[in-house]
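For reference, positions follow the sequence shown, starting with 1. On a predicted model such as this, the values are computed, not experimentally measured, just so you know.
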Amino acid sequence: MKIYDLSQPLNERSSFWPYYPPFEVKYIKRKAEHGVNAQYIMTSNHMGTHLDAPRHFVTAGKTIDELPLAWLCGPGVIVDLRDEMDELAVYTPQMIEKRAEVKKGDLLYLHTGWHAYADFGATPDEERYYHYHPGAHPDLVPWLLEKQIHVWGVDCVSTDHPMNLPIGRFLGKGMHGHCDKVRAKAEQKFGGKAAVDRMFPDSAYQLTHNALFPKDCVHIENLGGEIEAPELQNQRLILGCFPWKFKGGEAAFCRAVAFVGKWD
């Protein structure tokens, strides 16, 4: 059995979701003075590789500690979408199904290649990672529900497309105008303002969160690590997602892994 780590590193250098507080860490004890090293951290839940629970968008939704363990480890597939992913690309059920067999109840990890632009990726580019990442086509929502998938994940900062996020709607409005730049590129890509408005209507704001979390379909964001390993691509595997048992948590940092082979 070989185990692959599909998680991004996380520390005070890591980028954080716009307007969220950053990751802070400091030593509160040192070996020379106290006989032990100990650290203190303060952070939001939504940076690095993390699992969102329904509570993130549903007032009475399940919290991290209430997610069944059976959801978090089991059969699944990593789907390599890199050849169709560029800035602001959308991934669809058709793209997934032509590459791999997805069975009901699977864990599903989507490999877009965008983790390369994360802080500790091969070619770090914070603005590209946050502003222009691929995202879910609206058709993915009913498909995930029909497949009875409880946990899926992407190697991007969000499962939602930037045009369904603050990034493409109001980030930097009146200041840096990030959203205006993202919208202009989206209109160029998809065929104009009307086409963008049809694909990303106001009702689809944070679509994969608002439409799926009430149905107990949740996701991992910021996958990475060894997700590029050739032997993982478009293969059925045992996948795992292991958050800490955060009582009342609306999200939690997690270690995402793939298992290949048989237990010895």
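Ring planes of Phe170 and Tyr205: tilted class, angle from 30 to 60°. Note on ring orientation: taking the six-membered ring where Trp is involved, the planes of Phe190 and Phe200 are perpendicular (angle over 60°, cut-offs 30° and 60°). Taking the six-membered ring where the residue is Trp, Trp152 and Tyr91 present perpendicular rings, their angle passing 60° and hence far from 30°. His115 and His111 have tilted rings, their planes meeting at an angle from 30° to 60° on a 0 to 90° scale.
A salt bridge links Glu187 to Arg183: at least one charged side-chain nitrogen sits closer than 4.0 Å to a carboxylate oxygen. A salt bridge links Lys98 to Glu84: at least one charged side-chain nitrogen sits closer than 4.0 Å to a carboxylate oxygen.
Although no hydrogens or angles enter the test, the distance criterion places no donor-acceptor pair under 3.5 Å between the side chain of Thr49 and the main chain of Cys254. Asp155 places a side-chain N or O within donor-acceptor distance of the main-chain N or O of Thr112, the cut-off being under 3.5 Å. When atom types are taken as modelled, the side chain of Gln235 and the backbone of Glu231 share no donor-acceptor pair closer than 3.5 angstrom. In this structure, Asp52 contributes its side chain and Ile220 its backbone to no donor-acceptor pair below 3.5 Å. For the pair Arg55 (side chain) and Gly61 (backbone), a donor-acceptor distance under 3.5 Å is present. For His34 (side chain) and Arg30 (main-chain N/O), a donor-acceptor pair under 3.5 Å exists by modelled atom type. No donor-acceptor distance shorter than 3.5 angstrom exists from the side chain of Arg255 to the backbone of Cys241, with no hydrogens or angles considered. Distance alone, capped at 3.5 Å, is enough to place a donor-acceptor pair between the Ser7 side chain and the Ala256 backbone. In terms of modelled atom types and a separation under 3.5 Å, the side chain of His150 and the main chain of Asp216 share a donor-acceptor contact.
Cys179 approaches Pro166 most closely through the heavy-atom pair CB-O, 4.3 Å. In terms of heavy atoms, Ala100 sits closest to Val79 at CB-CG2, 4.1 Å.
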Query raised in the report: Hey, mind stepping through Tyr129 and Asn222 against side-chain hydrogen bond (donor to acceptor under 3.5 Å, both in side chains) and telling me if it holds?
Result: CA-CA 10 Å; Tyr129 188 68; Asn222 298 313; 2.5 Å; yes
Query raised in the report: Between Ser158 and Asp160, does a side-chain hydrogen bond (donor to acceptor under 3.5 Å, both in side chains) hold up when you go through it step by step?
Result: CA-CA 5 Å; Ser158 178; Asp160 273 314; 4.6 Å; no
Query raised in the report: Given Met47 and Thr43, is the side-chain contact (heavy atoms from CB on, under 4.5 Å) satisfied, shown in steps?
Result: CA-CA 9 Å; Met47 56 191 304; Thr43 181; 3.5 Å; yes
Report task. Carefully, step by step, assess His209 and His219 under the rule ring pair (Phe, Tyr, Trp, His ring centres under 6.0 Å). Result -> CA-CA 9 Å; His209 295 73; His219 55 239; 4.5 Å; yes
Requested in this report: Tell me, with the steps shown, if His161 and Leu88 meet side-chain contact (heavy atoms from CB on, under 4.5 Å).
Outcome: CA-CA 7 Å; His161 192 277; Leu88 300 178; 3.8 Å; yes
Report task. Any chance you could lay out the salt bridge (Lys or Arg N to Asp or Glu O under 4.0 Å) test for Asp106 and Lys147, step after step, and finish with the verdict? Result -> CA-CA 8 Å; Asp106 273 350; Lys147 287 289 185 181; over 6 Å; no
Report task. Let me see the working for Asp119 and Ser15 under side-chain hydrogen bond (donor to acceptor under 3.5 Å, both in side chains), right down to the final yes or no. Result -> CA-CA 7 Å; Asp119 300 277; Ser15 302; 2.7 Å; yes
Requested in this report: Under the side-chain hydrogen bond (donor to acceptor under 3.5 Å, both in side chains) rule, what do Thr92 and Asp139 come out as? Steps first, then yes or no, please.
Outcome: CA-CA 7 Å; Thr92 67; Asp139 289 348; over 6 Å; no
Report task. Report the C-alpha separation of Lys29 and Asn37 in whole Å, then their side-chain angles, then the decisive distance to 0.1 Å, and conclude whether the side-chain contact (heavy atoms from CB on, under 4.5 Å) test is met. Result -> CA-CA 5 Å; Lys29 290 189 176 182; Asn37 287 318; over 6 Å; no
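Under a hydrophobic-cluster definition in which Ile, Leu, Val, Met, Phe, Trp and Tyr are linked whenever side-chain heavy atoms come within less than 4.5 Å, directly or via other members, Trp244 and Ile64 are assigned to the same cluster. Two different hydrophobic clusters hold Phe23 and Leu51 under the rule that ILVMFWY side chains link at heavy-atom gaps under 4.5 Å. Under the 4.5 Å side-chain heavy-atom criterion for ILVMFWY residues, a single connected hydrophobic cluster contains both Val157 and Tyr19. When hydrophobic clusters are built by joining Ile, Leu, Val, Met, Phe, Trp and Tyr residues whose side-chain heavy atoms come closer than 4.5 Å, directly or via intermediates, Leu81 is grouped together with Trp143. Cluster annotation: Val196 is connected to Val182 through the hydrophobic network of ILVMFWY side chains, with a link wherever side-chain heavy atoms come within less than 4.5 Å.
A centroid separation of 6.0 Å or more is found between the aromatic rings of His133 and Tyr117. Aromatic rings from His50 and Phe253 are positioned such that their centres are separated by 6.0 Å or more. You'll find the ring centres of His46 and His56 inside the 6.0 Å limit.
Leu67 places a side-chain heavy atom less than 4.5 Å from the side chain of Pro54. By the 4.5 Å heavy-atom criterion applied to side chains, Met85 and Met95 are counted as neighbours. For the pair Phe16/Pro21, no side-chain contact is recorded, criterion being any heavy-atom separation below 4.5 Å from C-beta on. Annotation: side chain of Phe259 is not in contact with side chain of Lys2 (no heavy-atom distance under 4.5 Å). The side-chain heavy atoms of His131 and Glu126, taken from C-beta on, include no pair separated by under 4.5 Å. Using a 4.5 Å cut-off on side-chain heavy atoms (C-beta onward), Trp17 and Ser44 make no contact. By the 4.5 Å heavy-atom criterion applied to side chains, Glu250 and Asn45 are counted as neighbours. Between Leu212 and Val218 there is no side-chain heavy-atom pair separated by less than 4.5 Å.
Distance check: Thr208 OG1 to Leu140 CG gives 8.5 Å after rounding to the nearest 0.5 Å. Interatomic distance, CH2 of Trp71 versus CD1 of Ile149, reported as 13.0 Å (0.5 Å rounding).
Asp83 pairs by the side-chain hydrogen bond (donor to acceptor under 3.5 Å, both in side chains) definition with Arg99, not counting sequence neighbours. Qualifying side-chain hydrogen bond (donor to acceptor under 3.5 Å, both in side chains) partners for Lys173, counting only residues two or more places apart in sequence or in other chains: Asp180.
Across Leu237, Asp80, Val77, a single residue satisfies side-chain contact (heavy atoms from CB on, under 4.5 Å) together with Leu232, and that is Leu237. When the options Ile3, Ile238, Leu6 are evaluated for a side-chain contact (heavy atoms from CB on, under 4.5 Å) with Val257, the one that passes is Ile3. Screening Lys181, Lys189, Arg128 against Glu87 for a salt bridge (Lys or Arg N to Asp or Glu O under 4.0 Å) leaves a single residue, Arg128.
Residue Arg82 qualifies as enclosed at atom CZ: its count of foreign heavy atoms under 6.0 Å is above 12. More than 12 heavy atoms of other shown residues, nucleotides or ligands fall within 6.0 angstrom of atom CD1 in Ile28. For Glu12, the CD atom is densely surrounded, since the number of other residues' heavy atoms within 6.0 Å is greater than 12.
A cation-pi contact links Lys185 to Tyr132, judged by a cut-off of 6.0 Å to the six-membered ring centre and 45° from its axis.
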